[in-house]
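Structure first, commentary second.
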Amino acid sequence: MSKQKTGPECGLTKKVFLEQLANGETISSIERAWEMKAQTLPYWVGKWGLKGITSEKARMILESWSEDDGTPLLRSTSKAAEAVEHKPTGLIAINESKESEQLKELAAKLRDKNVAHERLLLLNKELNEKLEEMKKQLAEVTEERNNWQSEYATLEEVYSELKQDRDHWKGKASQIETESQLAIAEIKDEAPVVDNVNHPSHYTAGGIETIDFIRAKLTQEEFAGYCKGNVLKYVARANHKGGMEDLSKAAKYLEFATQK
């Protein structure tokens with residue numbers, strides 16, 4: 001049977017790991033310094049029974065070891081110094097330089113991404129605010145539209161009622177006009193014809209016209225003089241009283257005066 005491994009192939013031991021961790025390194029930085037595959041060291045941390053280990057706990061473990069078996073106390077080593085003990089110096093320097101450049105590039109990319117992320121968050125906030133404002137405006141417009149639709153429906157109902165009333169009263173007016181015309185026609189048929197020029201009704205009472213009675217009682221010259229006087233009377237007052245009717249009366253009296 002093959003011998004069970006007690007550490008990673010790179011040579012990192014449990015004690016060296018604890019020393020580097022106690023000196024301020026992290027599991028990730030130690031893993032990179034020893035050129036281990038990602039997530040390899042966390043496996044060995046669990047394998048060593050150090051899950052959840054911290055810098056303080058690592059220091060306490062190292063101090064307990066030095067008391068129990070005489071092992072020297074925690075050495076003041078850094079990641080680079082520890083690597084010098086286990087790796088060729090040139091290779092470590094090259095790797096650390098590459099890692100430093102890579103870390104700088106990653107940090108720059110991370111900053112750029114953070115800036116872009118902040119811009120996106122700001123833009124998203126502005127868009128959300130505009131969206132809320134548009135939603136508010138849409139709600140107001142929708143409410144106003146609903147109010148207008150309700151008012152329009154009410155006005156349409158009132159208009160329909162008014163139209164019905166109009167049609168009703170229009171029919172009534174037409175009926176009344178027809179009845180009025182019939183009544184006027186009946187009155188005209190029944191009423192006597194009034195002729196204030198040739199046969200005045202107020203001069204025909206008693207069955208004989210007054211002009212005929214005057215003609216019978218006067219001589220021809222007296223009757224002619226009477227007619228001339230009436231001609232002058234009606235002509236004089238035409239512009240102030242009877243107008244054309246007075247002129248027609250004057251002509252009628254002139255006719256009476258010239259009759260034999």
Side-chain angles (χ1 to χ4, degrees), residues 26-29 31-32 37-43 45-46 51-56 99-202 204 234 237-249:
T26 64
I27 294 176
S28 298
S29 65
E31 187 177 61
R32 287 195 301 271
K37 292 183 179 180
Q39 299 302 315
T40 299
L41 186 52
Y43 165 79
V45 170
K51 190 173 182 180
I53 190 68
T54 63
S55 177
E56 184 64 28
E99 288 181 2
S100 178
E101 291 299 325
Q102 291 176 351
L103 287 173
K104 289 179 180 179
E105 292 178 4
L106 290 173
K109 290 180 180 180
L110 181 60
R111 285 195 299 270
D112 292 341
K113 288 183 179 181
N114 287 336
V115 171
H117 181 65
E118 291 295 331
R119 290 178 180 176
L120 287 174
L121 289 177
L122 181 61
L123 179 60
N124 184 60
K125 181 180 178 182
E126 293 177 355
L127 290 176
N128 286 334
E129 290 176 353
K130 290 181 179 180
L131 179 60
E132 291 299 323
E133 182 64 23
M134 291 178 67
K135 286 181 179 180
K136 182 179 178 181
Q137 293 178 358
L138 177 61
E140 292 175 355
V141 171
T142 302
E143 183 179 0
E144 187 174 358
R145 182 201 63 185
N146 293 337
N147 291 337
W148 280 112
Q149 285 181 342
S150 177
E151 186 172 352
Y152 174 78
T154 301
L155 291 175
E156 192 174 38
E157 184 178 352
V158 172
Y159 172 76
S160 178
E161 293 176 356
L162 291 174
K163 187 177 179 181
Q164 291 178 0
D165 290 343
R166 183 201 64 183
D167 294 340
H168 170 74
W169 289 111
K170 187 176 180 180
K172 282 287 186 181
S174 178
Q175 181 182 354
I176 291 172
E177 184 178 2
T178 301
E179 292 176 353
S180 298
Q181 289 176 354
L182 292 175
I184 291 171
E186 291 178 359
I187 292 172
K188 285 183 178 179
D189 292 340
E190 295 176 359
V193 178
V194 177
D195 187 354
N196 290 330
V197 176
N198 297 303
H199 301 287
S201 59
H202 51 282
T204 59
Y234 285 116
R237 78 176 195 179
N239 289 336
H240 306 286
K241 187 178 180 181
M244 288 302 297
E245 185 176 322
D246 280 351
L247 293 177
S248 297
K249 289 179 179 180

With Lys135 via side chain to side chain contact (heavy atoms under 4.5 Å, CB included) - residues at least two apart: Leu131, Glu132
Any donor-acceptor pair under 3.5 Å from Thr142 side chain to Leu138 backbone: yes
Full working for side chain to side chain contact (heavy atoms under 4.5 Å, CB included) between Leu122 and Arg119: CA-CA 5 Å; Leu122 181 61; Arg119 290 178 180 176; 5.7 Å; no
Main-chain N/O of Met244 paired with Ser248 side-chain donor or acceptor, under 3.5 Å: yes
Distance in Å, Glu144 CD paired with Glu151 CD, rounded so as to fall on 0.5 Å steps: 10.5 Å
Donor-acceptor under 3.5 Å (Asn124 side chain, Leu120 main chain): no
N-O pairing of Lys249 and Glu245 below 4.0 Å: yes
Sidechain-backbone polar pair: Ser180 side chain, Ile176 backbone, donor-acceptor under 3.5 Å: yes
Heavy-atom closest contact (Ile53 atom, Val45 atom, distance): CG2-CG1, 4.2 Å
Verdict with reasoning, Asp167 to Lys163, per side chain to side chain contact (heavy atoms under 4.5 Å, CB included): CA-CA 6 Å; Asp167 294 340; Lys163 187 177 179 181; 4.0 Å; yes
Gap between atom OG of Ser100 and atom CD of Glu105 - 0.5 Å precision: 10.0 Å
From Asn239 atom CG to Leu247 atom CG, the distance as rounded to the nearest 0.5 Å: 7.5 Å
Nearest heavy-atom neighbours spanning Glu31 and Lys37: OE2-O, 3.1 Å
Glu101 side, atom CD; Leu106 side, atom CG - distance, nearest 0.5 Å: 11.0 Å
Gln175 side chain reached by Thr178 side chain, heavy atoms, under 4.5 Å: no
For the student: nearest non-hydrogen atoms of Gly242 and Asp246, plus distance: N-OD2, 2.8 Å
Lys172/Trp169 under side chain to side chain contact (heavy atoms under 4.5 Å, CB included): CA gap, chis, key distance, verdict: CA-CA 5 Å; Lys172 282 287 186 181; Trp169 289 111; 4.0 Å; yes
Leu123 vs Glu126, side chain to side chain contact (heavy atoms under 4.5 Å, CB included): CA-CA, chis, key distance, verdict: CA-CA 5 Å; Leu123 179 60; Glu126 293 177 355; 4.3 Å; yes
Glu140, CD: over 12 other non-hydrogen atoms inside 6.0 angstrom: yes
Contact check, side chains of Leu121 and His117, non-hydrogen atoms, under 4.5 Å: yes
